[in-house]
Every structure is written in C-alpha cells, then in structure tokens.
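Worksheet for the structure shown next.
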Amino acid sequence: MKHPRSDEKSQKSHLDLRALRKQMVHDQLEARGIQDCRVLKAMGSVPREAFVPENLKSNAYDDGPLPIGAAQTISQPFIVALMIEALEMRGGEHVLEIGTGSGYAAAVLGQIAANVDTVERIPELAHAAARRLKELHCENVQVHVGDGTLGWPEHAPYDAIVVAAGGPEVPDSLRQQLKVGGRLVMPVGGSRQTQELVRVRRVRTDEFQLQDLGGVRFVPLIGQEGWDSPNDF
Ligand code: SAM
C-alpha cells in the first residue's frame, strides 16, 4: 500500500505515524482482546491518517471516532477491528460494507477479502473515499453511491456483510444477500444513544442465528429499510 507524501519532513511524520499505528494495534486492539492475526495485520498496515481530515492527521490513532464531514464519523479503531473480527473472515471472501464514510474500514477489509463492495448514501463522502482508496491502490474495493439498506443486489450473494451505521433492525434485503454460511455484523437498536452490535449467521436458506456482541454507539442507518431521517428517533 502506498503512503501519502515523500519529502523529508513528511517522511519523518510518516515514521511517527507508523509508530503510532503500531502502538494503536498493541494498546487498543491486542490489549483489549482482538486476536485475529489477519485483522491485526490489516489494521497495522492501513494508514488511517490518509482517511481523516488534514487538521486531524496527528489524531489519526487516537482511541475514538473522528469527524469526517457531512456530520459523519470514522469509527474508533477498536470498533472497526471488533466488527471485522466478528465477520470471521479467513481470506478471499466477497464482502459488502454499508456506510463507506471515509473508506478506512473498506481499506482494512480489502487487505483480507478478495473483493469489497462498499455503499455510501452521501455522494461527497463516497467520492472522497473512492479517491483515497485509488491513491492507496486499494484496487479490490469498489465504492457505490446508494441506499445500502437495500444492499448491492448486482454483486450478491456475499460471504460477509458489515453495516457501519445503526438501524432499527437488520434489513431483510441484507439477510437475503448473505450466502448460506455467511455472517452479517451490524448495530441494531431503537435508541439514538446506543445499539447492540449483532452478528447474524445464515445457517440455512431460511434460517438465521442471531448473536448479541454488546453495546455500541453509531450514527443512524438512513434508508428504505433503516431510519426515515436523522430526526426520526
Ligand atoms: N466505515 C466508515 C469509515 O471507515 O470511515 C465509517 C462509517 S460512519 C460511522 C457511517 C456511514 O454510514 C456514514 O458515512 C453514513 O452516511 C452512512 N450511511 C448511513 N445510512 C446509510 C445507508 N442507508 N446507505 C449507505 N450508507 C449509509
């Protein structure tokens, strides 16, 4: 993966950020129980600083979400790792992400999966993410603009689906775009404050198992099979 900038000064800050990335993997991920070596390796190789606004680059490895414009956020590194680990990827999967945001999680997924479709409803975020992913040569990630509650039927079915925004329930369109044996991870809940992170496993064509992975807090999933509007709480 190519890293931004190459003059002497930026080379130094690039090295500082690389050290912070290593520290983030150790202190925020491994120390809190993330064990999947594919996830740790991917999080250790994607330059998060390339996905945050210029004035927040030195905060890229902070232990929390950061604003990315359009009232949206790039998720906390631990939450990104937790959700991707919960997808139980072994490498080579066909993956769908809903909520591209900055494109960071899509880049991490792209390090493990064979290919990633990622859908964003806000065109300016989608276009900026696509530009970044191209600059970083994440060629197996395709960004689409649309209502991700409906999934991306053209390229379904998927081995794994991850939703990076909180909806009132798991959209049926997304369940139907999972392969048998596939996993879907998303925050679900009726409250503006918190959701439960759930994993849905499609065990048979008509049978889904649901597992609660704990409380989380996400921006709303807005769309036909999500919330009506940001104020619909
Ligand atoms: N994965 C992102 C990253 O790595 O930067 C962070 C995602 S941010 C927490 C949630 C995103 O979901 C926002 O960019 C928001 O616009 C998007 N979103 C909300 N509802 C959506 C929908 N129905 N379809 C696609 N994207 C949606």
Side-chain angles (χ1 to χ4, degrees), residues 24 39 42-43 46-53 56-57 59-62 64-87 95-113 116-133 136 138 141-153 155 158 160-174 177 184-189 192 194-195 197 216-233:
M24 174 274 284
V39 177
M43 298 278 297
V46 175
R48 190 172 160 90
E49 63 274 18
F51 295 87
V52 302
L56 293 176
K57 288 206 187 300
N59 300 96
Y61 297 99
D62 286 2
L66 290 171
I68 54 170
Q72 303 302 324
T73 53
I74 175 174
S75 306
Q76 179 189 16
F78 174 68
I79 291 292
V80 175
L82 183 73
M83 291 176 85
I84 296 179
E85 184 172 66
L87 292 174
V95 176
L96 175 66
E97 181 199 29
I98 307 305
T100 313
S102 67
Y104 174 70
V108 175
L109 287 163
Q111 295 288 300
I112 305 171
V116 180
D117 283 306
T118 178
V119 184
E120 172 57 54
R121 66 180 280 272
I122 301 176
E124 75 235 44
L125 290 181
H127 297 143
R131 221 174 20 249
R132 281 181 203 115
L133 290 160
L136 293 167
C138 298
V141 181
Q142 254 187 289
V143 181
H144 310 279
V145 178
D147 176 4
T149 67
L150 305 176
W152 200 255
H155 295 173
Y158 291 94
I161 300 179
V162 61
V163 184
E169 56 195 25
V170 178
D172 193 52
S173 296
L174 297 184
Q177 288 173 37
L184 176 154
V185 173
M186 85 169 268
V188 175
R192 187 190 188 110
T194 58
Q195 303 94 18
L197 190 62
V216 284
R217 184 176 178 157
F218 271 83
V219 295
L221 178 72
I222 296 162
Q224 215 168 299
E225 295 187 41
W227 298 106
D228 279 348
S229 83
N231 305 317
D232 186 40
F233 287 92

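Both ligands and their constituent atoms are indexed starting at 1 by order of listing. In what follows, residues are counted from 1 in the order of the sequence shown.
Rounding to the nearest 0.5 Å places CZ of Arg217 at 12.5 Å from CD1 of Ile79. Here the CD atom belonging to Gln142 is positioned 11.5 Å from the CG atom belonging to Leu133, to the nearest 0.5 angstrom. Atoms CE and CE, from Met24 and Met43 in turn, are 4.5 Å apart once rounded to the nearest 0.5 Å. Going from atom OH of Tyr104 over to atom CD1 of Ile68 covers 13.0 Å, rounded to the nearest 0.5 Å.
Within the listing of ligand 1, atoms 25 (C), 26 (N) sit less than 4.0 angstrom from a heavy atom of Val119. Close approach to Ile122 involves these atoms of ligand 1, each under 4.0 Å from a residue heavy atom: 16 (O). Atoms of ligand 1 lying under 4.0 Å from any heavy atom of Tyr104, numbered from 1 in the order shown and given with element: 4 (O). For ligand 1, the atoms sitting less than 4.0 Å from at least one non-hydrogen atom of Gly146 are 24 (N), 25 (C), numbered in the order shown with element in parentheses. Near Ser75, meaning under 4.0 Å from any of its heavy atoms, are these atoms of ligand 1: 9 (C). If you number the atoms of ligand 1 from 1 as listed, the ones under 4.0 Å from a heavy atom of Leu125 come out as 14 (O). Heavy-atom proximity to Val219, at under 4.0 Å, picks out these atoms of ligand 1: 9 (C), 10 (C).
Contacts between Pro220 and ligand 1, counted as non-hydrogen atom pairs separated by less than 4.0 Å, involve the backbone only.
Of the listed options Thr149, Thr100, Ile74, Leu150, Thr100 places a heavy atom closest to atom 2 (C) of ligand 1. Looking at Pro171, Gly166, Ala164, Pro187 and measuring to atom 9 (C) of ligand 1, the nearest heavy atom belongs to Ala164.
Ligand 1 lies nowhere less than 4.0 angstrom from a heavy atom belonging to Ala129. Heavy-atom separations between Gly226 and ligand 1 are all 4.0 Å or longer.
Regarding atom 13 (C) of ligand 1, its nearest protein heavy-atom neighbour is Gln72 OE1, 3.2 Å. In terms of protein heavy-atom proximity, atom 5 (O) of ligand 1 is nearest to Ser102 OG, 2.6 Å. Of all protein heavy atoms, the one closest to atom 16 (O) of ligand 1 is Glu120 OE2, 2.6 Å. With hydrogens left out, the protein atom closest to atom 4 (O) of ligand 1 is Ala105 N, 3.0 Å, a heavy atom. Considering only non-hydrogen protein atoms, atom 26 (N) of ligand 1 sits nearest to Arg121 N, 3.3 Å. Nearest protein heavy-atom contact of atom 12 (O) of ligand 1 is Gly99 CA, 3.2 Å. Distance from atom 8 (S) of ligand 1 to its nearest protein heavy atom, with residue and atom name: Thr73 O, 3.1 Å. For atom 24 (N) of ligand 1, the closest non-hydrogen atom of the protein is Gly148 N, 2.8 Å.
Residue Ile222 places at least one N or O, backbone or side chain, under 3.5 Å from an N or O of ligand 1. Taking distance alone, with nitrogen or oxygen atoms compared against 3.5 Å, Gly223 stays at or beyond that limit from ligand 1. No N or O atom of Leu221 sits closer than 3.5 Å to an N or O atom of ligand 1. Between Glu97 and ligand 1, an N or O atom pair is found at a separation short of 3.5 Å.
Shown here for Ile98 and Gly148, the closest heavy-atom pair between the two residues is CD1-O, 3.4 Å. The shortest non-hydrogen separation linking Gly151 to Val119 is O-CG2, 4.4 Å. Contact between Leu66 and Ala60 at its shortest, heavy atoms only, is CD1-CA, 4.1 Å. For Val46 against Phe51, the heavy-atom pair with the smallest separation is CG1-CE1, 3.8 Å.
In this pair, His144 and His155 present their aromatic rings perpendicular. The plane angle is above 60°, beyond the 30 to 60° band.
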